[in-house]
Amino acid sequence: MADPTLQDYKNDVPNAWCPGCGNFGILQVLQKALVTLGLPPERVLLCSGIGQAPKIVHYLNCNAFDGLHGREVASAQAAKIVADDLTVIIHSGDGGAYGEGGNHFLHAMRRNVDVTHVVHDNHIYGLTKGQASPTTDQGQKVAVHPDGVAALPMNPLALAISQSCPFVAQSLSSQADHLLDVLCQAIRHPGFSYVNVLQPCVSWDPVHTYAYYQKHCYRLDTSHDPTDQAAALAVALAHDGRIPLGVLYRNDRPALRPVSEPGVGDLRECPDRPARLARVFDRYR
Amino acid sequence: MGKRKGVESSIALADSAAMCRIEAIAAYPITPQTHIVEHLSEWVNDGHLEAEFVPVESEHSAMSAALGMSAVGARTFTATSSQGLALMHEILFIAPAMRLPVVMAVANRSLSGPISIWNDHSDIMTDRDIGWVQIFAENGQECFDLVPACFRVAEDKRVVLPTILNFDGFVVSHMIEPIEFWTQEQFDAYLPPFDPQIKLDVRKPVAMGAVGIPEIYYEARLAQQNALLNAKAVVVEAFAELEKMVGRKYNLVETYKADDADAILYLMGSLSETAMTAVDNLRKQGKKVGLVRPRLWRPFPTEELVAAFGNVPVVGVCDRALAFGHEHHMVAQEIRALFYDAPHRPKLVEFVIGLGGRDVTIGDMEHILNRLLEVKNGAPVGPVEYVGVRK
């Protein structure tokens with residue numbers, strides 16, 4: 001079979017994002033990453049929920065499972081457990097990943113199924129037009145918080161590192177070369193990999209603009225050791241006004257094994273599937 | 001007569017809630033409800049409303065937070081729609097069980113999947129039997145008027161049950177209408193301050209949410225059922241006092257040209273206004289058709305509905321959600337059950353309309369009404385008709 005090309009991943013679904021949305025950069029880079037990794041569309045499953053970010057699964061040609069707000073993380077892990085031949089990538093917004101689906105995110109890190117979770121973090125609820133998300137800055141004035149958000153923003157990178165999430169990275173939607181490299185590393189990582197992709201919302205967030213990120217972001221260099229959990233946590237908790245881009249932390253914790261067992265093969269083809277599935281689930285009780 | 005303002009129904013509904021002097025608001029955005037909680041946040045921020053505004057991370061948390069605030073004795077309001085209501089589902093049952101009189105506005109919207117943000121009644125039909133008082137508003141004025149009525153019923157010591165105000169998403173929520181506002185004095189005269197029967201209070205500790213062992217669970221559930229059924233009389237009172245206050249008459253069951261009708265159409269929500277125009281058009285042709293709609297949906301106004309239908313030979317029923325796996329959908333099931341014990345049993349013709357925001361025109365309504373007259377003249381009833389669906 002010929003190597004996949006960008007053309008294989010293109011479709012003609014009309015795009016509903018605002019002109020200038022950071023999601024466009026992520027979509028382009030995702031397609032490039034899948035081609036770079038030589039993954040044909042039929043072997044790729046994109047899982048998403050509700051929001052502007054999750055719409056991404058409609059805009060490229062491959063398998064898609066668009067469920068409900070935040071729940072995509074659970075569905076994706078389950079799909080991968082049963083169908084190990086799929087490369088499973090989750091696309092959530094900051095609302096779905098850290099708010100409505102926050103519990104799923106926590107437990108995905110514990111469980112360590114070999115899927116990649118890409119969070120499009122625009123610090124705002126874009127779909128419902130500009131309310132605070134779990135990562136909106138404290139004091140930022142947005143709809144529903146006209147006097148400024150009272151709560152502290154979540155620090156998802158520090159959270160993930162503290163939970164020994166197997167792969168923790170951050171990138172920026174407008175730095176295509178960096179995002180491509182990080183996404184490829186994340187997808188290749190044999191276990192749960194998590195990438196927080198910062199992206200400006202040009203319609204509802206006048207604070208976190210392209211210029212803002214250009215000014216505040218810096219790339220981690222070779223002096224950073226991503227296997228050093230304490231150092232990674234220190235970077236995530238720096239509070240120095242600078243935003244790190246790159247792989248902050250990784251470990252080689254073995255991923256949860258797929259349910260296909262020696263001699264059984266693909267469970268989808270297995271005649272006594274319910275009994276075998278029950279045995280598999282029993283292992284994790 | 002109060003001042004009339006051209007205002008979006010959601011904004012008027014939020015203004016009405018604020019003028020009820022709500023003390024606590026739990027909020028999570030979901031289309032098409034979001035404008036309500038956004039507008040309430042402005043009331044609070046501008047210092048015009050002394051209330052705790054609690055933005056949360058999901059609707060599951062919104063309803064849980066609402067119960068917490070109500071439990072400590074605050075007049076509590078929230079709003080949601082569709083998947084938000086569905087995500088609240090397990091908590092919705094706790095509110096009436098703990099007798100916490102939260103009021104919630106539900107902008108009725110379809111449920112996924114496929115993903116849809118548009119109007120139908122899938123959300124509320126799924127949460128029909130949650131034990132809340134449920135009232136329907138058909139336009140912006142009714143949204144404004146009925147919020148204080150909801151609080152009055154919910155907090156009445158003969159009721160003490162949470163109450164939902166249903167109204168159609170987008171079709172009503174986003175419509176700008178001339179709405180007559182009450183004065184703050186009218187609100188205060190109509191709705192006394194919340195005086196909870198019990199609350200969490202350091203001076204008089206109570207435990208809410210105790211386990212219902214088999215020796216007590218049955219009785220507790222039945223007590224809840226009786227409380228809800230008994231709420232009907234209180235709703236009648238609340239509507240009568242509302243009429244005295246502002247001159248608009250609300251009934252448990254609303255009728256339109258039904259008294260002498262040869263055929264009556266039963267439907268819920270804002271499409272009744274489209275149906276009224278269709279009734280008027282057919283009446284001009286000498287065709288005697290009319291409408292019946294429930295204003296109060298829970299407790300179900302059985303006697304009032306039987307009286308409203310009278311001896312009409314044909315009744316049409318419009319469903320705006322599907323009861324998957326059943327050949328009769330939810331509203332039709334209720335009306336079929338209504339007539340089982342009724343002294344007169346008309347022919348029933350069933351329709352499904354407007355799923356997922358599919359437009360329902362005056363022409364569609366005229367078609368439905370004409371169909372009822374054909375049945376009256378001897379045509380067979382036939383199976384449920386899915387009006388407006390592409391073949």
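None of these values were measured; they are calculated from a predicted model. Here is the naming used below: chain letters follow the sequence lines, and residue numbers restart at 1 for every chain.
Judged purely by distance below 3.5 Å, without hydrogens or angles, the side chains of A/Glu100 and B/His60 never pair a donor atom with an acceptor atom.
Interface remark: B/Ile30 contributes backbone atoms only to the contact with chain A (heavy atom separation under 4.5 Å). For chain A, the nearby part of B/Gln83 is the side chain; its heavy atoms alone come within less than 4.5 Å. Heavy atoms closer than 4.5 Å to chain B are found nowhere in A/Pro134, neither backbone nor side chain. Using a 4.5 Å cut-off between heavy atoms, A/Gln131 touches chain B through its side chain atoms alone. Only the side chain of B/Pro55 has a heavy atom closer than 4.5 Å to any heavy atom of chain A.
For chain A, the option among B/Leu40, B/Thr34, B/Val56, B/Asp46 with the highest count of heavy-atom pairs below 4.5 Å is B/Thr34. The candidate from B/Ile117, B/Thr31, B/Asn45 with the greatest count of non-hydrogen atom pairs under 4.5 Å with chain A is B/Asn45.
B/His174 and B/Phe170 have tilted rings, their planes meeting at an angle from 30° to 60° on a 0 to 90° scale. Between A/His117 and A/Phe105, the angle of the ring planes goes over 60°, which puts this pair in the perpendicular group of the 30/60° scheme.
B/Phe136 has its ring centre less than 6.0 Å from the ring centre of B/His121.
Looking at B/Val103 and B/Phe77, their side chains come closer than 4.5 Å, going by heavy atoms from C-beta outward.
Here the closest non-hydrogen pair linking A/Leu45 and A/Ala79 is CD2-CB, 3.7 Å.
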